[in-house]
Amino acid sequence: EKSAFSALSETPRRLQTLPQTAADVFWDFEPGDAPKTLRKGQRSNHFPGSGAMTSKATLATLRLEGPGAKRVPLTLAPNWSSPEDVRVAAAETKDLSDAWLAKRATHGDVRVVRHPSNEREASASASRKHDESSSPMDARQALESALSAELKSGNVVQRRVRRPLRVDGRAFDFGVYVVAFGGKSDKDSGELGSVGSWEAFEFDETLLRFASDERIMDDVISREYPAAWDVPSLARLGAGSPEDAPTAWRALAAFLDARYGVGAAAAVRTRATETIVAVMDAAAPFVASAIARANEDKESEPSFPEEAAHFFETFRFDFVLDDGFDFSSVDEDGKDGVPDVPTPWLVEVNASPNMKPASAPQHDVLSRLCARIVDKIARKSSNDEIENGDAAFARLALRDGGALVPLSADDGDLDGDTRSSSSLLRRRRLVSHSEYADVDCVVSSWGDWGTCGPCGDDGQRTRSRTITTAQAEHGDACPALTET
């Protein structure tokens with residue numbers, strides 16, 4: 001397995017020197033680097049349309065079903081959430097000064113949205129910022145204004161788990177790796193317009209990322225973070241030990257069982273899995289639509305002749321555990337509204353997550369993951385059936401066997417959203433502009449012609465234009481930006 005991982009690590013450098021048609025497998029970090037067309041037998045690691053769940057803005061709009069549906073924190077998204085949504089959210093949390101996080105819709109820049117949490121603080125704040133003719137804002141108005149400002153700037157705002165579970169005083173999130181593989185349509189699903197199917201496997205190990213300092217109470221994970229083996233309590237429980245095993249998860253599981261009782265860890269993992277399945281099921285129609293649209297746009301040979309069978313992807317679903325007594329407790333099992341175990345809250349989904357190890361134990365984890373992914377890709381390429389024989393992976397029970405059926409024009413009630421008859425169209429529009437969707441390049445108008453020095457017979461002048469919307473995924477490339 002180590003040799004397979006080593007060979008894979010050389011692949012990007014080798015592919016740079018090969019024509020696109022020469023490679024059988026493309027594994028690129030950036031979705032924009034993925035091939036725009038593939039021949040039969042070729043595989044690429046980016047599912048078109050997966051931005052339906054990897055963009056925080058579009059994840060917030062998915063209509064989730066099943067037992068895991070309630071474990072995604074309320075998120076307000078630009079161009080989706082109405083002013084009434086913002087007013088209701090502000091009214092419900094006006095007495096909490098730190099109930100919301102602001103996040104870029106893609107990655108990074110996570111901040112706690114702070115506001116005065118009572119009328120006296122709000123009035124004092126307003127009096128400092130306004131002249132005497134201004135009326136002071138109450139706490140609800142202050143929060144509503146803060147949330148609206150974040151949405152107008154293109155950020156999403158998400159309910160914060162204010163009392164996360166801590167180990168040795170440090171808050172953390174835990175990421176669950178899921179590998180998805182596309183497959184061909186069978187006869188029955190093909191008649192329904194299916195572009196194939198996907199199957200998903202959950203990896204046994206998790207990525208635990210801790211706040212860098214136990215004194216940091218905002219619980220925002222920095223770019224460089226301590227891992228499970230850097231936390232004394234988990235290190236004593238075996239995290240980072242040199243074994244071919246999920247040592248980080250095994251250590252956290254032991255911690256959970258010791259604190260909440262035997263079976264707590266299994267319940268947490270089951271609840272996380274239920275949420276992953278709910279999200280993938282809700283995203284499936286958008287993935288299918290993106291593949292179908294890419295093929296429809298080609299007048300002759302389709303871009304993806306084997307439809308979904310061309311694609312595979314690694315996702316990481318990032319969760320935060322509450323401590324069992326947070327706002328999130330009321331909908332879980334337990335007595336008096338308090339759950340028996342912490343609730344895993346899905347805060348974001350990442351496609352092609354960072355595979356650069358920051359330490360020797362993390363290198364072992366990622367080597368183990370990548371080697372097994374390579375083995376499954378090889379099996380798919382040789383048309384071998386992927387069985388659930390690898391103990392490191394557990395097959396997820398996706399709805400309808402993972403069938404990928406595109407949205408149709410008659411799917412107005414698909415999302416179950418009764419606020420607006422146009423909700424599905426708005427959701428489609430959000431997905432079409434998300435991080436991993438097709439986006440055509442858009443450029444500005446030409447600028448003025450420049451001057452030329454002493455213009456002789458061969459004198460030249462130049463004008464230019466700029467990119468206003470960058471090309472992404474399989475969108476149209478940018479035209480020339482200069483003209484002479």
Side-chain angles (χ1 to χ4, degrees), residues 8 11-12 15 18-54 178-201 280-281 283-315 351-352 372-387 393 395-396 398-408 431 436-438 472-475:
L8 181 65
T11 299
L15 286 183
L18 293 173
Q20 179 173 310
T21 55
D24 291 324
V25 177
F26 296 86
W27 195 333
D28 300 291
F29 179 73
E30 294 291 344
D33 294 335
K36 294 178 174 55
T37 61
L38 294 168
R39 58 170 168 76
K40 289 185 177 181
Q42 285 184 318
R43 302 289 180 263
S44 174
N45 74 312
H46 292 295
F47 273 94
S50 61
M53 56 183 177
T54 58
V178 173
V179 184
F181 297 92
K184 297 179 181 179
S185 304
D186 58 31
K187 181 179 179 180
D188 293 335
S189 62
E191 292 176 352
L192 297 174
S194 166
V195 297
S197 62
W198 60 358
E199 54 185 344
F201 299 84
M280 293 193 69
D281 284 345
F286 295 97
V287 171
S289 294
I291 295 172
R293 186 170 61 250
N295 280 346
E296 290 171 357
D297 290 344
K298 296 291 285 188
E299 295 181 358
S300 54
E301 188 72 16
S303 298
F304 307 123
E306 293 182 291
E307 301 178 311
H310 283 292
F311 305 104
F312 67 97
E313 180 62 286
T314 305
F315 299 101
S352 293
R372 283 167 164 79
I373 293 173
V374 171
D375 178 67
K376 289 186 179 292
I377 294 172
R379 290 178 181 272
K380 290 291 289 185
S381 297
S382 60
N383 294 319
D384 289 345
E385 181 69 20
I386 296 181
E387 298 296 339
F393 284 105
R395 185 187 293 269
L396 300 182
L398 300 180
R399 184 174 57 207
D400 299 328
L404 294 174
V405 180
L407 296 162
S408 71
V431 173
Y436 294 100
D438 296 343
E473 282 286 280
H474 304 286

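Judged by distance alone, with hydrogens and angles left aside, the side-chain atoms of Ser194 form no donor-acceptor pair with the main-chain N or O of Val405 at under 3.5 Å.
At least one side-chain heavy atom of Pro406 sits less than 4.5 Å from a side-chain heavy atom of Val195. Two residues are said to be in side-chain contact when any heavy atoms from C-beta on lie closer than 4.5 Å; Phe304 and Pro48 meet this criterion. Taking 4.5 Å as the limit, every side-chain heavy atom of Arg43 sits out of range of all side-chain heavy atoms of Phe26. Proximity of Ile291 to Phe311: side-chain heavy atoms (C-beta onward) are separated by under 4.5 Å at one or more points. The closest side-chain heavy-atom distance from Leu396 to Phe201 is not below 4.5 Å. The side-chain heavy atoms of Glu307 and Asn295, taken from C-beta on, include a pair separated by under 4.5 Å.
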Next on the checklist: Would Gln42 and His310 count as a side chain to side chain donor-acceptor pair (under 3.5 Å) here? Give the steps.
Outcome noted: CA-CA 6 Å; Gln42 285 184 318; His310 283 292; over 6 Å; no
Checklist entry - Passes side-chain contact (heavy atoms from CB on, under 4.5 Å), Trp27 versus Thr314? Steps please. => result CA-CA 10 Å; Trp27 195 333; Thr314 305; 4.2 Å; yes
Checklist entry - Between Asp24 and Arg39, does a side-chain contact (heavy atoms from CB on, under 4.5 Å) hold up when you go through it step by step? => result CA-CA 9 Å; Asp24 291 324; Arg39 58 170 168 76; 3.3 Å; yes
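Between Leu38 and the options Ser44, Ser303, Pro302, a side chain to side chain contact (heavy atoms under 4.5 Å, CB included) holds for only Ser44.
Minimum heavy-atom separation, Leu404 to Ala288: C-CB, 3.5 Å.
With respect to the salt-bridge test (charged N to carboxylate O, under 4.0 angstrom), the residues Glu306 and Lys184 qualify.
Ala180 pairs by the side-chain contact (heavy atoms from CB on, under 4.5 Å) definition with Phe47, Trp198, Met280, Phe315, not counting sequence neighbours. Under the rule for a side chain to side chain donor-acceptor pair (under 3.5 Å), the partners of Asn45 that lie at least two apart in sequence or sit in another chain are Ser352.
Between atom CG of residue Asp375 and atom CZ of residue Phe393 there is a gap of 9.0 Å, rounded to the nearest 0.5 Å. Once rounded to the nearest 0.5 Å, the distance linking CG of Leu398 with OG of Ser197 reads 9.5 Å.
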